[in-house]
Amino acid sequence: MALYSGTFHENYAQDMAVFPTKLHWGLLIIFLILLFTCPLFFSDRILTILTMIGITIISVHGLNILVGYCGQISMGHAGFMAVGGYTSAILYAKLSFPFWAALPCGALAAGIAGLFFGLPSLKIKGFYLIMATIAAHFIIIWAIIQLYGLTGGADGLSVPRPRIGAIMLGTKTNYFYLVMVLACLATLIAHNIVRTRAGRAFIAIRDNDLAAEVMGISLWSYKLQAFFIGCVFAGVAGALLVHYISFASTDQFPFMDSVWYLGMLIVGGMGSTGGAIFGVVALKLLDELVTVIGPILSAAVAPQAAASVAIMSHGLIIIIFLIFEPRGLYHRWEMIKNYFRLWPFSHQE
Amino acid sequence: MTFFIQLVVTGFAQGMVYALIAIGFVIILKCSEVFNIAQGHFVMIGGYLGYTFLVPLGLPVWASLLAAVVVAVFMGLVIERFTLRPLIGQPVLAVIMMTIALATVLSGLATLIWGAEYKAYHGLLPTIILKVGSISIPSESLIGLIVSVICVTLLMLLFRYTKIGLAMRATAEDLQVVQSLGIKATTVYAVSWIIACIVGVIGGILLGGISGANMVLADIGLKAFAVVLLGGVNSIGGAIFAGIILGMLENVAAGYLDPLLPGGGLAQVFPFIVMIIVLIFKPHGLFGLATIERI
Amino acid sequence: MLDVNNIEVAYMKVIQVLRGVSLKVDDGRIVALLGANGGGKTTTLKAISGLLKTEVGEVTNGSIQFNGKQIDRYGPEAIAAMGITQVMEGRRVLEHLSVEENLLVGAYCRKDKTAIKKDLEMVFDYFPYIQRLRRQVSGYLSGGEQQMLVIGRALMARPKLILLDEPSLGLAPLVVKEIYKIIHEINAGVKMAILVVEQNVKAALGIADYGYIMENGRIVLSGPAEILRDNEDIKEFYMGISTVGAKKSYRDVKHYKRKKRWLA
Amino acid sequence: MEKDKNVKLRIENISLSFGGVNALIDVSMEIRDNEILAIIGPNGAGKTALLNCINGFYKPQKGEIYYKGQKITRMRPDKLAKLGIARAFQNIELYAGLTTQDNIMAARHVLMRQNFVAGALYLGWALKEEIAHRQIAEEIIDFLEIAPIRKTHVGVLPYGMQKRVELGRALALEPNLLLLDEPMAGMNLEEKEDIARFILDIYEGQGATYSNTPILRDGIRSIVLVEHDMGVVMDIADRIIVLDFGRKIAEGTPAEIKSNPKVISAYLGEEE
Amino acid sequence: MGKTRFGFVALLIVMVALFMVPIGAQAKTLYVGGTQSLTGAFAEDSAAVLAGIQDYVRYVNETKMMAPWRKEKFPADITLEVLWRDDELKPAKALSIYEELKAKGMLVARISGSPIALALKDRLWEDQMGATSMASGSYLMTPPQSIFTYYPIYTDSCAAIADWFKASWKESRKPRVAYLTADNAMGKSLEIPAMRAYLDKIGYEFVGTQYVPLIATSPPTTQLTWLKQKGVDLALGVMINPGSQPTVKEMVRLGMGPFQPYKMTFGVALPGHAAVFAEAMGKLGDGYVCAGSFRPLDDLATPGIKFCDDLQKKYHPDKRVTHIMYEGGMLEAMVQVEALRLALEKAPYEKLTPKVVLEQGFYRIKNLNTGDISSTPLTYGKGDIEGVDEIRIDQVRNGKSVKVGLAPVHGIY
């Protein structure tokens, strides 16, 4: 990464800082202020969308650690979210755990499920692993339905609105704050993990697992750690989703969601914290856009056409996007940033 | 015992159709390392095509199949030209994403052309019950079996003995080398996508004859993935074997275990459970080639 | 035959690798392109063969002409069809295919079946080592055998010009000698022009007619091979022979950096 | 099993085969303290396979390997790295997605203590640890003269530079035994001279110049070098072992090897 | 690169602009409609429902009549508008759609499928929002209750089939019954203790359950063979058409069915749609029983069906909707509009809230004459969300759907 001209680092701490200059800090603070004053000027609907985006960001950060950094492609992420969601829901609704305890327990449960289904990753790679994680998704959903007494099976499980002490988190505004705080925290944690010891080990495994092992990184331990961390994030997201809808059902965690989470990561740009955020925001907005224009299209073309055009436009936009920017939005963003940093010189040696 | 044999026979026939669909998937994976999420959607389109040619257009069965194959060839060409070709040389994940988008577009297209309605065409195959003792063999499954066997044999011959087959295998190994030798990778890709489309569409017509054309037909693609992985990603023979094994296991498991479980539905996950267990012991599937790992 | 005119190459439109490279290969000659690592030799070859395009790179300036036709806008397949075949570095055999299948892939674009058969025998004549392995899966061949296989594969395409990228990379001295001997024989026998990129200056100049030295994306020195062989700088920097003429020991290398005269 | 205090690693009669091909047949050898040992031989002679066995990457079917008297034959590679065996690879095996500096930091892995929880929070001692190791990484970068490419992703570096980073990464493990697999393959003379200088410097240690980095200060007293360039091998190795078709055919000082007829016919060829 | 960057900016601007597009709200507009599932398993039903809602609303706007056979008028100064979004059968998406529509001032909602019902029911109750529902599982009955159905819940439908079958049972042994049902929430809504208890009470021997995928991709040979092996006489299920068609086809092939060598009757609750089924299957489907279904669309002697037919002829003569759930759409629109009209009787337009519409609207719908589209006039109230009191039972005979019986609602949940 190029530095702005006139910026010099004088010690390692400075060089390693996430926000190296006052400008960065300033921008961050402005962004946070804007984010946390959202409820003041946005409607319930926008808040709902933003909350969903926040929840998805948490989940996709987890997937990014697993896929983008550690290179273990998972298409079962929604399944792990389901584990987190259901555990938290059962603890809160049936065993009357407090919310602040149920949520981490859900995350932990998802992490443990991740460890379990991550075990095959020690032996298998690539496409085989993708398939094993797809299998994990269906096995988890099936298991949830089998555990009728605990989970309500296919009927689902009703969950009361969460509260911490006297604070009711059921209102949209409060829940929005909860999700956003957690999303920011998740972003920070994800970013820190990948730039320290564990993260470097993940990338080493992704880039060259054989060499990594010879260089002293235990594949066994770090692949499982990646699964654990990734799934803990998924668990948090799943729990937040279930508590938000105040209902747990297997329909909330469809397989296609797993696929789309991966899609968000690809669109945003794998292996960068920013990429995960970019991808989620872009695809979620696209999704909402498609929903909004559906009826308009329907009126303009034909009632039947609405659904199809909506779905198709979703796919077409992604196709066009991939043709022009196959390396992800974040890559484009970095190029633009670099362009301005290097301006007026157009080439970097 | 009769019950058991019945389950095995049903499973065998069902597995053969899985295998057929899985082969389309293997071919693309072999040639271009693309994990084609849209394979199930080819099947779905096949189901609808079967309906269109058989019911509104009233073509005979053989003509419908032929017409569907023609459409499949066209579809393969278009898909390769406009979605996959621009991505040559880009990261594999971008290509996978492209197939996800492709799947979405295909389902949208199907809705646009055929509407949301479920299209049944029960007249395609004769509803005869073949009986061997007290075991009944569904004639549709039998025909599916025959068609699958023919397709698979043709493909095997193609790969082993033709020039394009050699080019496809070579491209699967190293794209740059093949390009530097003057082989048009785009042609090879186009052929592989065309084959995948044809195989998917034929599978779709067979399945459509059983359950009618519907969007959910696309979900069969997932089972095909499991079959492919169980057999080993680059083995066509493996896909056939695994398809049949999974078809049988699925039925036997559903027949004996489902009634014992509170929620049922074991048939849907059983293939996955088997697959994971097999992969733990044989990481490259039952017949997959181990990559030659050097350091 | 091949005329590279002042080309510039950049990857992803940002990283510039070549800054004005010109070179010439005449019919039936062996030309060596020599120089330090990262100097842009491989990039030059890829620019000629069109493989650059598969790696998000492009020729941003200058032109490449082959037999009078400008080729720098064509894809690798089209260029190969015109008669330029690149043998990439790192012995890229098609691992799961047999030796014979590997060779047949080389002849894929040819229609003349009988001639292909003859050429197959010719390749086995040049490389008797791989004849006995013809049915074996090529992934298990040793490095030298693999190098021979990929050269043979290129021959099967009957090109007018072969681009050879570091045929000696990571091979034992004996094998290097053997391979260079065969390259020389091929050039003499089939009259194919060869552009060889090499680190091993001694080996390459041993068989080449003409040589170019490349550093940092520019050609810094060129001339007939026999003249280059006697060049003081080349002797010192590429062959390890000091001006006095005696070979010096690696133990005596100084810590400070020396300077090449042409970079002054 | 302590026979000789001087022996760092002893290989006893190991045999290895895969796919029906014998890569190593009954090879025995030892690596001593205070020596640079070169292993030479034609392609496919089993040199890399031998290193892979020492690394634990391949498990020999027969025979045992002892490191400082401890049996290490079937240990996992990462455990061996922790014991102090480091390796630079023949075909560059760097982490292409990381920068030079992070590649070296990634090799500090075994010497660091923090886990992902500490890293995630990035507080207090995790930060301190990062900085401490960063300092050592920087000294290694300085030593190998790769400071200008510190923040470049290694995937885009030229070959020679990648080889250097590879060497740096092996150093960062602070090993007791350094295995170098063709560190000079594909290099021109000038680069070879540089690498040869680095290897000798690493072996000897730099004393007070790099006082904060023990590995550079004290040197690595056992280095195994697999190399084709006879000039280099003859000049810097103390002892040479020659392999051919998986068997050890000769062992001795450079002078002895140079005149060994077996070696000449199998490998060196006649001098012109 | 310049071009692509421009493209991105353009795309972003278009997206933001479309987000901000306000739906033109004129003075005194009330919204009906709600979330639709135009993709997914219920797509075909949902599309027909949407067409029904749109036609009915257009009729009311043009004539201010509630139906040709009714005297009540809709207030002349208020326009109705259909507002809908496709939720793709995703609960999370339905949630944000619900928020959006609520923010736009919608006073009634709609439930398009069981996943949506499960996700939204508590929220609807919290907001005191009344909703019509296309899904009708027993899960709607457990309080809270602000979702109203216009056909019986699935358990009641299946109980009706059991009643009907038992009435014609001649043998001395107990008839054996099994569930053969879809493997999703809708299908599994049968499996409640009350249902089993009722079957036991009226003298059945319960054998077990087999599941069929919501939409079958292979014939359920295994499941059917199992039923045969257990000697089942009656199989009950909740299954949509794409599930039941291959099932029945396979039954015929295995020689199972009321008119086949092995006597077994297969009965499903409404989403199996007898009329749609009969049309697709012809004589192959003989013996299939469906409870809670509507009259076929060509039954023009019925005023309600005639009304449907007239509207279709009037508004889109070339694009006739042939799916029976068009009638469902008419009913949903009738219920929603009626609730709004009743609420307007008690409160002025400006004072309307979801709560008012629920309490003064939905709860006050009594004996709503639907022109016999639904099996009985609809009556709702606090604790009574099931609009009908009797269940129509159809059977496919000679390739036609024929009404074979009428059974009372038992309220099994």
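None of these values were measured; they are calculated from a predicted model. Proteins come first, then strands; the chains are lettered A, B, ... in the order of their sequence lines, and each starts at number 1.
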**Q.** Distance, nearest 0.5 Å, that separates CD1 of B/Ile183 from CD of C/Glu77
**A.** 9.5 Å
Q.
If the threshold is 4.0 Å, N to carboxylate O, is there a salt bridge linking C/Arg92 and B/Glu173?
A. no
Q.
Which one wins on heavy-atom pair count under 4.5 Å against chain B: C/Gln86, C/Met88, C/Met156?
A. C/Met88
Q: Using heavy atoms and a sub-4.5 Å threshold, report which of residues 103-130 of chain C line up against chain B, by residue number.
A: C/Leu104, C/Val105, C/Gly106, C/Tyr108, C/Cys109, C/Arg110
Q) Atom NZ in C/Lys46, atom OG in B/Ser180: separation rounded to 0.5 Å? A) 10.5 Å
Q) Which region of B/Ala185, side chain (C-beta onward) or backbone (N, CA, C, O), has a non-hydrogen atom less than 4.5 Å from a non-hydrogen atom of chain C, or is it both or neither? A) both
Q: To the nearest 0.5 Å, tell me how far B/Leu181 CG sits from C/Leu94 CG.
A: 8.0 Å
Q) Tell me, side chain or backbone of C/Thr85 under 4.5 Å from chain B's heavy atoms, or both, or neither? A) both
(Q) Around atom NZ of B/Lys184, are there more than 12 heavy atoms from other residues, nucleotides or ligands closer than 6.0 Å? (A) no
Q: State, with a plain yes or no, whether a side-chain heavy atom of C/Arg153 is found less than 4.5 Å away from one of B/Val177.
A: yes
